Amino acid sequence: MNRLLLSLLALGAAVSGLAAAPDTSVIARLEPKKVAHAPASATLVPLSENWRMDGDIPVHALLISLQGLANRDQPRLYLEYPTHWQWEIVRPLETFLEKRHGVRFNRLGVNDADAALALYAKHAKGVVVWDRSVRSSLIVAFTVAGVEDLVVVTEDQLPLAAKHGLQPVVDLRGKFSGKTDAQIYQWAYDQYFERCSRDYYVVMGGHAGAEMQPGVADFGIRQRAFFTDLSSNPKHPEELALLNRILGRQNVPSIVLGWHSYAKDTEGQHTTLVGNYGLIMEGLHNLPNVSFTSQIPLTPDFKFTNNHTAKPGDNRQAEQKVYIAAVATDAMGIGTWTKPGRGKIPYTWQVLMNWAWMNPPALQYFYEDKSPNDHFIGGLSGPGYMYPKAIPADKWPALTAVGRDLMKRLDLRILEIMDYSEGNRHVGNTDLPKAVVDRYYDQYPDATGFINGYGSARTFDLRGGRPLLSYDYYLSIERPVEEAAADLEELIQLNPQRPYFLLMHVRESNTVEKVADILGRLSESVEVVPLDVFLQLAAGAKTYRTYHQQPTDAVDHNP
Amino acid sequence: MSRLFSLLLALGTAATLAAAGLPAPTSPLAGTWQFDAARSTELSPWRDYVFTLAIDGDRVTITRRFGSGRRQFADSQTVDLSRPDNVVPVTLWPDNRHLGAYIGGDRTKRVRGEWLDAGRILRLSTDLVLSTQQGDRAVNILSDYKVSANGTRLTLTELRSTRNRPVVYSFTRAATASK
């Protein structure tokens with residue numbers, strides 16, 4: 001072997017090693033410190049169903065802010081969200097913490113702020129008073145609460161606070177009357193941003209107007225995050241300018257918690273903007289109790305173990321038939337994990353990978369509760385929810401290093417990609433140009449395959465036995481089983497070659513039972529297989545055309 | 001020419017026109033039609049579907065508008081019923097966006113049409129190519145636009161060569177602004 005060849009081999013190994021090396025430094029910077037083990041006891045406060053600004057939001061905001069402060073150095077206070085909360089595993093997780101982590105919950109009364117303050121007011125230095133006539137003042141109050149260690153109250157709650165020795169430190173009453181959100185958050189920026197975390201920013205959006213569901217605020221307060229519901233919509237240039245300034249000041253990569261405001265901008269606009277800065281979005285504004293669970297380690301006897309049906313090197317050959325794999329995205333926590341049918345058919349669940357360090361008990365719950373038919377994959381597009389086309393190439397390596405590390409920790413071999421920066425299920429395109437596909441293949445060398453889309457998409461590739469397949473079908477929550485079965489049969493007609501690989505994306509609110517019902521109605525013969533088997537078969541029988549996004553493809557920027 | 005003969009001639013002409021599928025001078029299909037979800041095949045991902053059917057001699061123009069919140073898509077086709085083939089450019093195939101099937105081939109559709117039942121029914125036959133993961137696939141769509149006896153309801157039945165189940169959309173006549 002000549003020297004040049006040896007040099008090239010060494011260089012190749014170095015590049016490969018670089019790409020595959022885990023980078024724990026980012027996670028170490030972001031990760032809340034863990035306690036040695038879950039607390040033997042903790043306080044539990046049930047919350048009511050009313051989340052209206054003119055209803056129970058004041059008491060909920062008080063309790064959530066108190067929770068963020070009480071849980072600063074140890075997990076002490078857990079809030080039991082109501083039955084219809086979007087995050088469906090509040091109660092299963094509670095039971096799991098009791099049984100598996102040995103936590104004994106001392107239950108207080110519903111919305112019992114008095115009793116909670118009696119126990120935990122000592123963790124606060126006073127109160128910040130928000131203005132009930134200005135909704136955004138509550139969002140500013142969350143920032144102030146984290147920075148100044150204050151409980152969030154209305155003027156009606158001042159006597160209650162005083163009873164527990166908490167006096168007003170910051171008073172927002174009347175301060176924002178007649179001001180725009182851009183002006184309000186600019187004031188907050190000028191007053192508090194320098195003292196806020198550069199690793200956490202909270203978009204306290206989602207529900208807007210008469211309702212607010214600030215479930216993630218406890219964690220934001222614990223982390224001393226800056227809160228806004230600023231718009232990423234170009235229709236709001238002043239808000240967008242301030243938002244750009246904020247995101248541009250955050251560490252790269254760092255965490256954007258919460259969700260865009262339903263009243264101001266779109267998911268596509270928000271996620272695109274966050275991606276432009278190379279930040280990591282954890283997109284659920286009502287994700288509860290993370291100030292509590294983020295500090296609890298996995299039990300010592302537990303290891304993340306996935307159900308792998310396909311093994312590397314398997315000599316699995318596709319037959320002349322139709323193969324179907326079903327995947328649910330966003331479905332762990334806000335989907336149908338606890339609903340009927342799970343375990344009935346092979347089914348794939350996209351894992352929110354950052355929970356490995358941000359919410360370990362939740363992931364341990366899902367991994368231990370899985371059936372033999374439940375398979376896990378990483379996503380969405382990387383560590384967190386991100387649109388790859390929106391992320392500048394120079395910001396990829398830091399993100400993919402985290403993604404690789406988390407996939408390894410979580411025993412995940414397949415990565416799901418989604419990009420709605422130039423379209424959605426209705427218009428535009430959801431495809432990946434070759435340069436982006438190249439980056440996935442290069443920077444996730446251990447992934448055995450990739451899937452793409454949310455709605456259907458047309459990006460397909462196969463390199464080194466690792467397929468990238470897009471969804472051929474999107475199962476809408478509205479779609480009746482008869483029409484969905486007809487849709488699948490139509491796809492089978494439209495794709496006459498065998499084997500045909502039909503990848504089906506299941507909107508998270510559809511139950512596994514519904515999917516099984518649809519598949520059971522097909523007049524065509526199909527085999528439903530686990531996703532890893534599906535990709536392994538597709539690697540050996542390329543009946544799909546290689547396709548990447550074309551310059552002529554329609555673009556729609558999610559107005 | 002006696003009046004009886006004139007009447008018979010007129011009736012005979014009308015019958016001949018109808019039997020031959022020739023256009024009636026006016027058709028109750030003309031107008032703007034609003035989707036009726038309760039009586040229709042499920043429409044997702046679209047929520048709204050409005051179309052206008054305009055007649056100008058042999059030329060029928062159908063302008064469709066699909067919507068779902070902020071997402072909108074509109075297209076238009078003019079079909080000359082006297083011609084055996086009308087080539088219509090296609091930018092997007094909106095009929096079923098759940099499927100991994102996209103306008104393919106030369107991004108056109110070829111449409112021919114005829115009137116039936118004295119202008120109460122418009123039948124279009126559309127040939128287009130859909131692009132899928134396995135390549136291009138020729139598809140034919142038979143579309144019957146059929147108006148109710150009282151002229152207030154329109155049923156669009158679409159038979160796609162690749163679909164085992166018909167698509168049936170029901171529409172009501174959109175209210176016109178009164179003077």
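Side chains are part of it too, since the values below use all heavy atoms of this structure and drop only hydrogens, waters and symmetry mates. Lettering follows sequence order; numbering is per chain, from 1. Model, not experiment: these values are computed from the prediction.
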Would the number of heavy atoms belonging to other residues, nucleotides or ligands and lying under 6.0 Å from [atom1] of [X] be above 12?
X        : atom1 : answer
A:Lys321 : NZ    : yes
B:Arg165 : CZ    : yes
A:Lys542 : NZ    : yes
B:Arg65  : CZ    : no

(message) Between B:Arg163 and chain A, with a heavy-atom cut-off of 4.5 Å, which part of the residue counts as in contact: side chain, backbone, both or neither?
(response) both

(message) So for B:Arg97, is it side chain, backbone, both, or neither that comes closer than 4.5 Å to the heavy atoms of chain A?
(response) both

(message) Using the side-chain contact (heavy atoms from CB on, under 4.5 Å) criterion, which residues pair with B:Tyr169? Sequence neighbours excluded.
(response) B:Phe35, B:Ser40, B:Thr41, B:Leu43, B:Tyr49, B:Leu156, B:Val167, B:Phe171

(message) To check you understand the geometry: which heavy-atom pair defines the closest contact between A:Arg545 and B:Thr132, and what is its length?
(response) NH2-O, 3.8 Å

(message) Ignoring hydrogens, what is the shortest heavy-atom contact between A:His426 and B:Pro45? Give both atom names and the distance.
(response) NE2-O, 3.0 Å

(message) Quick one, A:Gln493 and B:Ser161 - any side-chain contact, counting heavy atoms below 4.5 Å?
(response) no

(request) Determine whether A:Ser456 and B:Leu99 make a side-chain contact, defined as any pair of heavy atoms from C-beta on separated by less than 4.5 Å. (result) no

Select one option (side chain, backbone, both, neither) describing which atoms of [X] are under 4.5 Å from chain B's heavy atoms.
X        : answer
A:Leu494 : both
A:Tyr473 : both
A:Thr546 : neither

(request) Say whether B:Ser131 and A:Arg458, considering side chains only, have a donor N or O and an acceptor N or O under 3.5 Å apart. (result) yes

(request) Could you verify whether a donor N or O on one side chain and an acceptor N or O on the other, from A:Asp472 and B:Gln133, lie under 3.5 Å apart? (result) yes

(request) Start with the C-alpha gap between A:Glu490 and B:Asn164, add the side-chain angles, then the distance that decides, and say whether side-chain contact (heavy atoms from CB on, under 4.5 Å) holds. (result) CA-CA 7 Å; A:Glu490 183 161 22; B:Asn164 299 336; over 6 Å; no

(request) Using a heavy-atom cutoff of under 4.5 Å, enumerate the residues of residues 475-489 of chain A that contact chain B, numbered in order, or state 'none'. (result) A:Ser476, A:Glu478, A:Arg479, A:Pro480, A:Glu482, A:Glu483, A:Ala486, A:Asp487, A:Glu489

(request) Select all residues of residues 500-521 of chain A having any heavy atom within less than 4.5 Å of some heavy atom of chain B, and report them by number, or 'none'. (result) A:Tyr500, A:Phe501

(request) Provide the full list of ring pair (Phe, Tyr, Trp, His ring centres under 6.0 Å) pairs with a residue in residues 81-102 of chain B, sequence neighbours left out, each pair given once. (result) A:Tyr474-B:His98

(request) Among the options B:Ser68, B:Ala138, B:Ala101, pick out the one with the most heavy-atom pairs lying under 4.5 Å from chain A. (result) B:Ser68

(message) So which residue, A:Gly455, A:Pro496, A:Gly428, A:Ala554, ends up with the most heavy-atom pairs under 4.5 Å with chain B?
(response) A:Pro496

(request) Supply the atom-to-atom distance A:Ile492 CD1 to B:Thr162 OG1, rounded to the nearest 0.5 angstrom. (result) 12.0 Å

